[in-house]
Amino acid sequence: MDISLVIPVYNEEENLEPLYQRIKEILEPLGKEYEIIFVDDGSQDNSSQILDQLALKDPHAKVIHFRRNFGQTAALAAGFDLAQGEIVITLDADLQNDPADIPKLLGKMEDGYDVVSGWRKDRKDPYLSRILPSTVANWLISRVTGVELHDYGCTLKAYRQEVVKELNLYGELHRFLPALASWMGVKIAEIPVNHHPRRFGKSKYGITRTFRVVLDLILVQFLLRYSTRPIRIFGGAGLISFVVGLFLGCYLTVVKLFFHHRIGNRPLLILSVLLIILGIQLLSLGILGEFLTRIYYEGQNKKPYVIKYVTPPSQENR
Ligand code: UDP
Ligand code: MG
């Protein structure tokens, strides 16, 4: 299998038929082996029936039905699990992404990239509620994660299969896929893609997602930098806090014992106690984190590294 399309669908009944036609027009002439995986994320409209009809007619189409709405990240994750294509391409079901860009993505992948991300250069969404917050978010995510992209939010992206199979997605982390993938040392490229206004159905997100993105960003940053060594971040802060607190405590003790000043009413005393307790707390958190990391990696048989290939190739290494 060459290509797997993964398409999250939540209440997109009017978009599905035209989307499917469009995809067919683009993919058939390429002459590649492909599959179209629709993930019906608990749609309440007719999307599931429409998808089932498509899948019955066309052996290329597959549909995963969720029991309820689990969100776009979960939908993508389910699609990734099923995908067999060497290249996995994600796109929205709302016709805002243009299947005509797929050959462009594939072309870029042939240049040796592991992830090719779409950039909605001329985005057709409301400015205040969508484009502005997303510009800020993209800037912030690029700064913090060090993976510079103009458009994290664009679903139209292509990945090598190894990349998506390695990723564990939770919450709303689909927005950070390139950043998460960067942990594996992938080569990422970005190309401008078309974007169309939504014709049918409604957008599933509002302005509130901006705040969730900030929290997710903190988490992603932690996952990327410290997930294998939590003691470094918690322990470091804890140690500083503990040492400063201890120093203040010693100073106050000297003042009390040798100069016979009263220290009971000094704010410094509270600060010293606070810093010492905080220091111990943070250190313990770091140690707990280390234990959790071990459980995380060993329990899931995950490795703290990703192998590109082994020479000479043997059956076990592959
Ligand atoms: N989607 C989904 N589950 C959800 C929300 C959205 O599968 O809980 C799908 C939706 O059907 C669409 C894609 O994710 O195919 C992007 O959603 P939307 O177009 O609403 O986002 P926007 O383009 O406004 O950022
Ligand atoms: Mg959309």
Side-chain angles (χ1 to χ4, degrees), residues 5-27 36 38-41 43 45-47 50-51 69 71-73 75-76 79 88-108 115-142 147-159 172-179 188-214 216-217:
L5 295 191
V6 173
I7 308 177
V9 178
Y10 182 48
N11 295 344
E12 308 278 5
E13 52 186 1
E14 289 134 308
N15 293 314
L16 295 172
E17 188 66 42
L19 174 73
Y20 170 78
Q21 297 301 345
R22 199 80 185 100
I23 291 175
K24 282 298 221 187
E25 279 167 28
I26 303 292
L27 285 188
I36 312 173
F38 292 99
V39 187
D40 167 25
D41 186 10
S43 300
D45 62 1
N46 273 324
S47 299
I50 298 173
L51 289 176
N69 179 239
Q72 195 181 340
T73 302
L76 290 174
V88 178
I89 297 178
T90 55
L91 73 158
D92 281 347
D94 57 4
L95 294 170
Q96 290 198 270
N97 295 139
D98 193 343
D101 287 315
I102 291 175
K104 276 201 271 173
L105 292 177
L106 291 173
K108 198 78 187 169
V115 177
V116 177
S117 179
W119 168 19
R120 296 165 293 179
K121 209 167 179 176
D122 183 17
R123 192 170 165 185
K124 304 286 194 317
D125 273 324
Y127 184 79
L128 264 189
S129 63
R130 312 307 295 274
I131 299 184
L132 183 68
S134 126
T135 312
V136 176
N138 285 315
W139 179 82
L140 205 65
I141 300 175
S142 298
V147 182
E148 304 249 346
L149 289 183
H150 291 93
D151 195 358
Y152 269 88
C154 181
T155 310
L156 185 58
K157 290 182 164 63
Y159 309 84
E172 289 188 62
L173 291 190
H174 66 270
R175 236 165 261 125
F176 298 91
L177 276 168
I188 303 177
E190 192 174 40
I191 56 172
V193 294
N194 290 324
H195 194 241
H196 304 288
R198 213 182 225 281
R199 274 192 295 157
F200 309 108
K202 283 193 304 233
S203 172
K204 311 300 180 300
Y205 302 102
I207 185 89
T208 51
R209 77 162 150 196
T210 324
F211 301 102
R212 297 194 297 251
V213 166
V214 173
D216 284 344
L217 181 61

(message) Just to verify, what does S47 make a side-chain hydrogen bond (donor to acceptor under 3.5 Å, both in side chains) with, not counting sequence neighbours?
(response) D45
All side-chain contact (heavy atoms from CB on, under 4.5 Å) counterparts of [X], not counting sequence neighbours:
{"X": "N46", "value": "E13, Q49, I50"}
{"X": "S142", "value": "E148, Y152"}
{"X": "P18", "value": "L95"}
{"X": "R198", "value": "E12, N15, D94, Q96, S203, K204"}

(request) Tell me, please, which residues at least two apart from H195 pass ring pair (Phe, Tyr, Trp, His ring centres under 6.0 Å). (result) none
Say whether, by atom type as modelled, one donor and one acceptor occur between the side chain of [X] and the main chain of [Y] under 3.5 angstrom.
{"X": "T90", "Y": "T155", "result": "yes"}
{"X": "E190", "Y": "H150", "result": "yes"}
{"X": "D92", "Y": "N97", "result": "no"}

(message) What's the separation between atom OH in Y159 and atom CG in L105, rounded to the nearest 0.5 Å?
(response) 10.5 Å
(message) Let me confirm one number: the OG-CD1 distance from S117 to I191, rounded to the nearest 0.5 Å.
(response) 9.0 Å
Listed by chain and number, what are the salt bridge (charged side-chain N to carboxylate O under 4.0 Å, His left out) partners of [X], not counting sequence neighbours?
{"X": "D98", "value": "R22"}
{"X": "E172", "value": "R175, R212"}
{"X": "K104", "value": "D101"}
{"X": "K24", "value": "E28, D58"}

(message) Does either side chain, that of E17 or that of Q21, offer a donor lying less than 3.5 Å from an acceptor on the other one?
(response) yes
(message) Applying salt bridge (charged side-chain N to carboxylate O under 4.0 Å, His left out) as the test, list every pair that has at least one member in residues 150-159; sequence neighbours left out.
(response) R120-D151
